[in-house]
**Student:** 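The structure that follows is given in the form of structure tokens.
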Amino acid sequence: MKNSLRRRFSFVLLGLMLFGAVMAGGCGQQSANENQEPSQTGSELSGSLTLAGSTSVQPFSEVLAEEFMTIHPDVQVNVQGGGSSQGVAAAISGAADIGAASRDLKDEEKEAEPGIKATVIAIDGVSIVVHPENPIPELTIAQVKDIYLGNIVNWKELGGNDAVITVICREDGSGTRDAFDHIVMSKERSVGTMRRQIQGE
């Protein structure tokens, strides 16, 4: 029913590795008033932090943010999606303190910000699935590639039912899409009729 593809995903933390390191480095908004009363919570960190990027990393980021804010209640961590490429761009431009990406940094991104730092925090996997009622037991990578190239357009060509194949993939800029294009498509362009999956779909 599915053909699992294994890949090492880089969850890119741009700027500094840890929330605490970013906050301690001065990214948090602290008062310039030296006579300000100390925090009653006892937390040594205060301010806000923005993390943006990969939608596949977003649930993981939200859990990290929640745990961090529990430890440091004077800190507000804002988690946003937008895709891996947007997350990297946001971190480079300063719109976000941390960018999350489910792919490696590209050469042009490293050139845009030579001081960019990538830290792997997890390993994920990508699976290609069909509907549970589809009688096809498995697909090879070559068959999947032919489907996405438009060379195979009907399930009967693979021994299944006489039904048109609806091809769906993640949107451009997605780290998962980048992995798929690299592993399955060998950077060849997918069929023009492919339906792009949008965020939240």
Side-chain angles (χ1 to χ4, degrees), residues 5-32 39-127 129 168-182 195-201:
L5 302 178
R6 281 302 195 184
R7 150 174 226 277
R8 185 174 182 266
F9 272 176
S10 294
F11 290 145
V12 182
L13 302 183
L14 305 177
L16 295 175
M17 179 178 176
L18 302 174
F19 289 146
V22 175
M23 297 300 297
C27 290
Q29 301 299 316
Q30 298 182 358
S31 172
S39 171
Q40 298 301 311
T41 64
S43 172
E44 74 277 14
L45 299 178
S46 64
S48 63
L49 183 70
T50 299
L51 189 156
S54 171
T55 54
S56 60
V57 182
Q58 187 171 353
F60 186 73
S61 299
E62 289 172 347
V63 172
L64 287 176
E66 183 178 347
E67 290 296 319
F68 188 82
M69 288 187 289
T70 298
I71 298 172
H72 302 285
D74 291 336
V75 177
Q76 176 63 44
V77 182
N78 303 305
V79 179
Q80 304 171 4
S84 296
S85 295
Q86 291 188 32
V88 175
I92 290 175
S93 69
D97 300 294
I98 298 175
S102 53
R103 60 166 173 77
D104 294 325
L105 287 172
K106 297 179 180 179
D107 290 338
E108 56 266 30
E109 293 168 341
K110 296 177 183 178
E111 293 170 0
E113 180 50 69
I116 200 169
K117 179 179 177 62
T119 303
V120 178
I121 62 172
I123 296 176
D124 204 349
V126 179
S127 293
V129 300
I168 301 175
C169 194
R170 291 297 303 273
E171 74 281 359
D172 293 334
S174 161
T176 304
R177 170 68 181 278
D178 184 76
F180 179 83
D181 287 345
H182 176 75
R195 176 185 172 194
R196 269 69 173 180
Q197 181 191 36
I198 60 176
Q199 182 179 348
E201 186 176 12

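Given the structure is predicted, the values throughout are model-derived calculations rather than measurements. Residues take their numbers from the sequence shown, with the count starting at 1.
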**Student:** Nearest 0.5 Å please: distance from the CD atom of Glu111 over to the CD1 atom of Ile116.
**Tutor:** 11.5 Å
**Student:** Return the minimal non-hydrogen interatomic distance between Leu51 and Ala100, and the atom names on each side.
**Tutor:** CD2-CB, 4.0 Å
**Student:** Out of curiosity, Thr55 OG1 to Gln80 CD, how far, rounded to the nearest 0.5 Å?
**Tutor:** 13.5 Å
**Student:** Under the side chain to side chain contact (heavy atoms under 4.5 Å, CB included) test against Ile98, which residue among Leu49, Val77, Val79, Leu64 passes?
**Tutor:** Leu49
**Student:** Using the side chain to side chain contact (heavy atoms under 4.5 Å, CB included) criterion, which residues pair with Glu109? Sequence neighbours excluded.
**Tutor:** Val88, Ile92, Arg103, Leu105, Lys106
**Student:** Taking side-chain hydrogen bond (donor to acceptor under 3.5 Å, both in side chains) as the definition, give me every residue that meets it alongside Glu62, ordered by chain and number, with sequence neighbours left out.
**Tutor:** Gln58
**Student:** What heavy-atom pair brings Val57 and Ser102 nearest, and what distance separates the two atoms?
**Tutor:** CG2-CB, 4.1 Å
**Student:** Can you tell me how far apart OG (Ser84) and CG (Asp104) are? Round to the nearest 0.5 Å.
**Tutor:** 10.5 Å
**Student:** Quick one: does any side-chain atom of Ser127 pair with a main-chain N or O of Val129 as donor and acceptor, under 3.5 Å?
**Tutor:** no
